[in-house]
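Working notes, beginning with the structure itself.
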Amino acid sequence: MTRFDENDAFEAAVPLSRRAMAARPQPYLDDLNPAQRAAVMALDGPVLMLAGAGTGKTKALTARIVHLLDSGKARPNQILAVTFTNKAAREMKDRVARMLGQVEGMPWMGTFHSISVKILRRHAELVGLKSNFTILDTDDQLRLLKQLIVAANIDEKRWPARMLAGLIDNWKNRAWTPAKVPASEAGAYNNRGTELYEQYQHRLRELNATDFGDLLLHVLTIFQAHPDVLAQYQNWLPYILVDEYQDTNVAQYMWLRLLAQAHRNICCVGDDDQSIYGWRGAEVGNILRFEKDFPGAQVIRLEQNYRSTPHILAAASGVIAANAGRLGKTLWTERQEGEKVRLIGHWDGEEEARWIGDEVEGFQRGRGDLRLFGLDDMAILVRASHQMRAFEDRFLTIGLPYRVIGGPRFYERLEIRDAMAYFRLAVSPEDDLAFERVVNQPKRGLGDKAQQEIQREARSHGLSLLEGARGLLARGGIGGKGAGQLRAFVDGIDRWHAITLQRDHDHIRLAEQILDESGYTAMWQADKTPEAPGRLENLKELVKALEQFENLQGFLEHVALIMDNETEEAAEKVTIMTLHAAKGLEFPVVFLPGWEDGLFPSQRSMDESGQRGVEEERRLAYVGITRAEQVCTISFAANRRVYGQWQSQLPSRFIDELPAAHVEVLTPPGLYGGGYGAAGMASSLEAKAMRADVYSSPGWKRMQDRGASRPVSQPREGRHVTIDLQAVSAFTLGCRVFHQKFGYGTVQGIEGDKLDVAFDKAGAKKVVAGFVVPAQQADDIPF
DNA sequence: GTTCCAACATTTTTT
DNA sequence: ATGTTGGAAC
């Protein structure tokens, strides 16, 4: 973690010296194109940099920072540079450092959350917190909510805590404090949503804790309620830069607007076509209305692409063109060479994995006239993480080294979270959530009963759980084997806590001591399940990670905000990851498998968000294609096993949108000459004929022999039926409908453009009317 | 208090 | 198919 001087960050703005104004060579401007240079030089007034994929936006952004400093306009601590991820923040820091040779003085470069924490620690008392508040992660949050749900006598089965957590998160993303949640949301979570939200916030305050949403929301509240504090920050930070602006949610937007109001010197960089986080509150609208929010804003488009071949750009543009309401950009490149985007259909998912494995090996050895590619140059980008498995299986079989990005993160693993809870207890023994997590981990014979006793004791005296336990032991309120174990646990915490208070204690040694004395290490050593050795390994790694910090406290703070795990192994490997994880990356060779309707675009996205959902999926397709520098291969399978069930698939509607002139359709290899290779590009009638062909093919018979079931009739027309809002009237209560994925069902309810449908096979689901057809329409289509 | 089995869900993910 | 979770049996 980059260390910075607290005082430096909060130092009042000092008039600039003249020395910086002196003429100096400005090499960082030299290798910019005209658009980039315009974005860098426009230092007065609001700027929106619309930067398409691969157009050098990070370069322009960092050059702008350097220019701000170099021209003497701003001192390093006067620039607020916000990103979404730690990775992006790190990259920006690195690049500024490379251009300038130092970043120590840039205390306000970081993620929305890390900057918010810095502000909130200073003004915590304004929102009823102490400045040493703890930051809860999703797990702690859920446990807290569960307690509230139980206390409120709600059936947790029908109203899961996850749902409430999601709801509260959504509200916080929209900057709604409990008091500001609009009446229209009153029905949420069985009519008790707002009430529980309020209780939750109350509990958090009692625990002197915040969740991630609070970090932003509290700062927002402070800014709104205390104009003097806001004015202070406005003066401190007259220059604002924002990366990935298309991903900001309403709370972040308000946060930014308040800070930018005074000086109006804000530069936002983003690409409306790459907004793929709508489902977690990102508002494309923020970028679309930038010019309205900041009148007189300059909009600068970066359109020259330095990454991909013309064919790849054309394919991506063709797909994204189908979206409505874009700001619009036309990517171009000076490059001439390059091959077309390749499209291939496969019989099933396994064949697809096999083929891609072969291709990867082919590229590695050098394929025809193409240059050799290393494994690091190749990536497989999937829509959903469960698609990764097929590739892992295949690559293991053929011994192809691969790396999966986006598995469960290190700090989210069970054993790491347990160990961290022990550390938390050692640092702050009053941390009740940590106490709860590990009192009985390893098993100490302290089950529900004993824990309830501790709770009661603590609550009745207004003490922490640890003190409650101590009190219970003192008055003999607990008996048997549990008592001795609890005594040892309490003593242990006291002992460890005492050590943390010593100056110059060895915190690494302490960590080892905690894990040993608590019996936690022993617990995993005794465990004979196959994953136990791995877990022990992880614990060792955790202790090693401590070396970079001065004490446990600093480490815990870091982990709460960072939560990532960048163990980069050197060996060459193919990368497998989701499309979401791939944003911001690039690879010479990209494979995009699984382009089948229902998988990509995802059925759920369409059912829940209708046309808006399809548009976001389409942006995801755009992100996918534009990751490729030289070779981009899109593929789909006619049959796929989904949750252990064979399903016949239709090529993605996005395949229909690919501009044929830039696509090379590869003949499907193998036995099954069903003609699926071009199905996605054929007219619907032809496609239907081809499907009929496939179902009568020997290949399909063979699949049936292997246990595949005959697919539900999936009318291709269904994919393109778009029923406008009035046409919801085509549906009545009780009418029969047909859905691509779930088959036949009966309409149970109608709300707006959503239908509540009881499907014969899949149970009750809510779907957008545009994505089901009246049953008789489906019956008309022969199969 | 612990272990085992049936029911259940199952896009995407950062902080 | 597979992993998680809650409740019943031990």
Side-chain angles (χ1 to χ4, degrees), chain A residues 82-89 110-117 135-138 141-142 146 155-157 160-163 166 169 172-173 210-217 244 247-249 251-252 275-282 349 381-390 393 405-409 411-412 414 440 442-451 480-482 485 531 557-564 577-584 594 598-609 613 616-617 619-620 623-624 640-646 707 741 762-763 765:
Chain A
V82 220
T83 61
F84 274 84
T85 60
N86 292 296
K87 203 170 127 206
T111 62
F112 274 102
H113 291 85
S114 67
I115 289 168
S116 294
V117 172
I135 303 160
L136 301 190
D137 60 25
T138 328
Q141 195 187 349
L142 276 178
K146 254 178 213 169
D155 179 9
E156 212 246 313
K157 202 99 195 232
R162 287 201 151 282
M163 187 185 193
D169 218 51
K172 286 185 176 176
N173 283 340
T210 69
D211 61 17
F212 285 118
D214 278 343
L215 295 178
L216 281 149
L217 199 48
E244 305 279 14
D247 287 334
T248 47
N249 61 37
Q252 287 156 341
S275 165
I276 55 174
Y277 287 108
W279 48 273
R280 69 176 198 217
L381 311 181
V382 297
R383 171 68 244 265
S385 49
H386 65 77
Q387 289 172 264
M388 295 178 177
R389 192 186 202 100
D393 283 352
I405 297 199
R409 270 177 296 284
Y411 291 115
E412 277 164 28
L414 177 93
N440 204 25
K443 305 265 176 289
R444 293 194 174 86
L446 300 164
D448 280 352
K449 261 251 180 74
Q451 290 187 39
K481 43 211 178 301
Q485 298 253 47
E531 60 266 19
E557 161 95 1
H558 172 82
V559 170
L561 280 176
I562 306 296
M563 291 294 266
D564 66 359
M577 64 176 137
T578 62
L579 287 162
H580 284 89
K583 192 161 84 152
L599 186 62
F600 187 41
S602 110
Q603 193 61 54
R604 192 154 156 187
S605 172
M606 291 191 282
D607 287 340
E608 285 173 2
S609 317
E616 180 151 321
E617 298 281 310
R619 291 193 289 269
L620 212 40
V623 168
R640 194 175 288 278
R641 212 177 357 207
V642 186
Y643 303 138
Q645 285 274 277
W646 278 101
K741 197 111 191 177
K765 296 252 157 60

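Chain letters run A, B, ... following the sequence lines, proteins first and then strands; every chain starts at 1.
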Could you go over nucleotides 2-8 of chain B and give all protein N or O partners under 3.5 Å, atom names and distances?
from, atom 1, to, atom 2, distance (Å)
dT2(B), OP2, N440(A), ND2, 3.4

Review point. For D247(A), what residues pass the side-chain hydrogen bond (donor to acceptor under 3.5 Å, both in side chains) criterion, not counting sequence neighbours?
Key: K583(A)
Check your understanding: When the distance from CG of L217(A) to C1' of dT15(B) is rounded to whole Å, what number comes out?
Key -> 14 Å
**Study point:** Side-chain N or O of T138(A) closer than 4.0 Å to phosphate OP1/OP2 of dT15(B)
**Key:** no
Point to revise | L620(A) vs Q451(A), nearer the 5' end of DNA chain B by closest nucleotide | key: Q451(A)
Check your understanding: When we call it a touch if two heavy atoms are under 4.0 Å apart, what does T578(A) touch: a base, just sugar-phosphate, or nothing?
Key -> sugar-phosphate
Exercise for review: Could you tell me whether K146(A) contacts a base, only the sugar-phosphate backbone, or nothing, with contacts defined as non-hydrogen atoms closer than 4.0 Å?
Suggested key: sugar-phosphate
Review point. With sequence neighbours excluded, what pairs up with R640(A) under the side-chain hydrogen bond (donor to acceptor under 3.5 Å, both in side chains) test?
Key: E352(A), E596(A)
Practice item. List for me each residue that meets ring-ring contact (aromatic ring centres under 6.0 Å, His included) alongside F112(A), sequence neighbours excluded, and say none if there are none. Key: F84(A), W255(A)
Exercise for review: For R383(A) and dT12(B), give me the distance from atom CZ to atom P, rounded to whole Å.
Suggested key: 7 Å
Check your understanding: Looking at residues at least two apart in the chain, or sitting in another chain, which of them share a salt bridge (charged side-chain N to carboxylate O under 4.0 Å, His left out) with R162(A)?
Key -> none
Point to revise | T83(A): partners by side-chain hydrogen bond (donor to acceptor under 3.5 Å, both in side chains), with sequence neighbours left out | key: none
Study note, to complete from the structure: Footprint ends on DNA chain C, 5' to 3', for atoms under 4.0 angstrom from a heavy atom of chain A, come out as dA1(C) to dG6(C)
**Study point:** Nearest-angstrom distance from the residue atom CD of Q387(A) to C1' of dT10(B)
**Key:** 13 Å
Review point. Can you check the L215(A) CG to dT15(B) P distance for me, whole Å?
Key: 12 Å
Review point. Should the pair H580(A) and Y277(A) be assigned to parallel (<30°), tilted (30 to 60°) or perpendicular (>60°) ring geometry?
Key: tilted
Point to revise | S385(A) OG to I405(A) CD1 distance, which is reported to the nearest 0.5 Å | key: 13.5 Å
Check your understanding: Stacking between F84(A) and the base of dT15(B) (centre distance under 5.5 Å, interplanar angle under 30°)?
Key -> no
Check your understanding: Picking from dT14(B), dG1(B), dT12(B), which would you name as closest to the side chain of T85(A)?
Key -> dT14(B)
Exercise for review: Would you indicate what E608(A) reaches in the nucleic acid, counting non-hydrogen atoms under 4.0 angstrom: base, sugar-phosphate, or nothing?
Suggested key: base
Review point. Over how many whole Å does the gap from K87(A) atom NZ to dT13(B) atom P extend?
Key: 12 Å
Practice item. Would you mind reading off the distance between Q252(A) atom CD and dT13(B) atom C1', rounded to a whole angstrom? Key: 13 Å
Exercise for review: Mind checking side chain to side chain contact (heavy atoms under 4.5 Å, CB included) for L414(A) and listing every partner two or more places apart, or none if nothing turns up?
Suggested key: D418(A), R437(A), W524(A), R535(A)
Exercise for review: Check side-chain hydrogen bond (donor to acceptor under 3.5 Å, both in side chains) between E608(A) and all other residues, then give those that pass, not counting sequence neighbours.
Suggested key: R604(A)
